[in-house]
Enquirer: 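Quick one: the structure is below, and I'll ask about it shortly.
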Amino acid sequence: MEIFEEIEPLRAFLKGKRIASKSIGLVPTMGALHHGHLSLIRASKAENELTVSTIYVNPTQFNNSEDLDKYPRTLEMDTQLLSQEGCDVLFVPTNSEMYSGAQNLAFDFGNLDKVLEGKFRPGHFSGVALVVSKLFNIIQPDRAYFGQKDYQQFQIIHRLKEELKFSLELQSVPIVREDSGLALSSRNQRLDAEGKRKALLLYESLKYASAELLKGIRFDIIRIEVEKRFSQLKGVKLEYFELAHRATLQPLDEADKIGEAIILIAAFVDEVRLIDNMLIDIN
Ligand code: AMP
């Protein structure tokens with residue numbers, strides 16, 4: 001695996017590959033890699049001749065400095081995992097390589113970044129859009145891979161691609177879970193065994209809501225029950241639990257458009273902020 005820390009040598013390397021007509025797949029990450037990330041690498045390898053992964057804990061997408069400081073960093077292990085998985089190129093830039101120090105550009109996605117994550121993490125998606133734009137420009141991939149786990153992020157990047165006319169295909173990869181149902185996340189590393197047990201309440205709430213919606217129960221009734229379950233468990237705090245339209249992410253009250261709906265959840269477990277979601281399966 002070739003490792004680059006600077007933009008220009010990476011560009012020169014990729015230019016050579018492009019001249020040789022190699023297709024390029026991009027997998028952006030913040031490191032602390034797990035099987036969810038590796039499933040993106042596998043998806044890219046299946047469709048592209050060259051897979052480029054990036055590890056960069058992007059400061060502009062953190063609205064909370066403690067969260068940024070505590071974000072797990074395991075570069076040595078990550079490099080080993082990527083190499084074992086057959087990733088071809090790893091880009092690990094420094095902050096000064098990615099940001100000039102001037103005031104950062106800002107993005108506004110209208111209604112799309114005012115709800116859910118955007119509502120609770122102001123500026124988060126502006127930072128995501130900024131770093132993803134930079135990576136798309138530097139790497140110029142044919143395809144880029146993102147997880148369904150960050151569902152709203154995928155919709156934001158889709159809009160970014162449409163508006164800025166990036167010439168690439170976006171691919172969404174299903175959520176990888178532990179056997180228990182807990183969605184894999186780099187932040188899970190900050191939980192002990194008891195914390196991981198408590199974190200199961202996120203997935204269980206999604207499953208419960210999905211089953212109740214299919215029975216025709218109203219979402220506001222379901223939410224009350226979920227809020228009750230969170231309030232009864234020590235060390236957890238529900239931030240949001242919403243039924244939303246899959247494309248616009250605007251809230252839905254009823255399950256009348258169930259085939260177009262998604263349930264999304266964010267909660268703190270022992271001070272660690274976790275997210276999860278579930279598309280409602282009609283069949
Ligand atoms: P992160 O390192 O958290 O920024 O995530 C990098 C990419 O991996 C994003 O596109 C995430 O959506 C994706 N990802 C994170 N967790 C999972 C998971 N459990 N299953 C599938 N993809 C994931």
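In listed order, ligands and their atoms are each counted from 1. In this chain, residues are counted from 1 in sequence order. Remember, it's a predicted structure, so these values are computed and weren't measured experimentally.
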Enquirer: Given that the side chain starts at C-beta and the backbone is N, CA, C, O, which of these parts of Gln148 lies under 4.0 Å from ligand 1, counting heavy atoms, or is it both or neither?
Expert: neither
Enquirer: Return the closest protein heavy atom for atom 22 (N) of ligand 1 as residue, atom name and distance.
Expert: Gly147 CA, 3.6 Å
Enquirer: For Ala32, which part has a heavy atom under 4.0 Å from ligand 1: side chain, backbone, both, or neither?
Expert: neither
Enquirer: One residue to check: Pro174. Relative to ligand 1, which of side chain, backbone, both or neither has a non-hydrogen atom less than 4.0 Å away?
Expert: backbone
Enquirer: What I want to check is whether the side chains of Asn277 and Gln148 have a donor and an acceptor closer together than 3.5 Å.
Expert: yes
Enquirer: Quick one: do Asp78 and Arg73 make a salt bridge, cutoff under 4.0 Å?
Expert: no
Enquirer: Would you find more than 12 non-hydrogen atoms of other residues, nucleotides or ligands less than 6.0 Å from Glu271 atom CD?
Expert: no
Enquirer: For the ring pair Tyr240 and Phe120, is the centre-to-centre distance below 6.0 Å?
Expert: yes
Enquirer: Centre-to-centre under 6.0 Å for Phe166 and Phe136, is that the case here?
Expert: yes
Enquirer: Give the residue and atom name of whichever protein heavy atom lies nearest to atom 4 (O) of ligand 1, and the separation in Å to one decimal.
Expert: Met30 CG, 3.6 Å
Enquirer: Ligand 1 versus Tyr71, non-hydrogen atoms closer than 4.0 Å: side chain, backbone, both, neither?
Expert: side chain
Enquirer: Would you say the ring centers of Phe4 and Phe13 fall short of 6.0 Å from each other?
Expert: yes
Enquirer: Who's the nearest protein heavy-atom neighbour of atom 1 (P) of ligand 1, and how far?
Expert: His37 NE2, 3.7 Å
Enquirer: Give the residue, atom name and distance (to 0.1 Å) of the protein heavy atom nearest atom 20 (N) of ligand 1.
Expert: Val176 N, 2.8 Å
Enquirer: Report yes if Phe146 has an N/O atom closer than 3.5 Å to an N/O atom of ligand 1; otherwise report no.
Expert: no
Enquirer: Which ligand 1 atoms are under 4.0 Å away from a heavy-atom of Pro28?
Expert: 6 (C), 7 (C)
Enquirer: Can you list the atoms of ligand 1 that are under 4.0 Å from a heavy atom of Leu40?
Expert: 7 (C), 8 (O), 10 (O), 13 (C)
Enquirer: State whether a side-chain donor-acceptor pair under 3.5 Å links Asn48 with Tyr145.
Expert: yes
Enquirer: Which residue and atom name correspond to the protein heavy atom nearest atom 15 (C) of ligand 1, and how close is it?
Expert: His34 CE1, 4.0 Å
Enquirer: Judged by modelled atom types alone, do Glu169 and Gln171 share a side-chain donor-acceptor pair under 3.5 Å?
Expert: yes
Enquirer: Please list, in number order, the atoms of ligand 1 under 4.0 Å from a heavy atom of Thr29.
Expert: 2 (O), 6 (C)
Enquirer: Give yes or no for whether the N/O distance cutoff of 3.5 Å, strictly under, is met between Leu184 and ligand 1.
Expert: yes
Enquirer: So, Phe91 versus Tyr56, ring centres under 6.0 angstrom or not?
Expert: no
Enquirer: Go through the side-chain N and O atoms of Gln250 and His245 and say whether any donor and acceptor fall under 3.5 Å apart.
Expert: no
Enquirer: Just which atoms of ligand 1 are under 4.0 Å from any heavy atom in Gly36?
Expert: 18 (C), 20 (N), 21 (C), 22 (N)
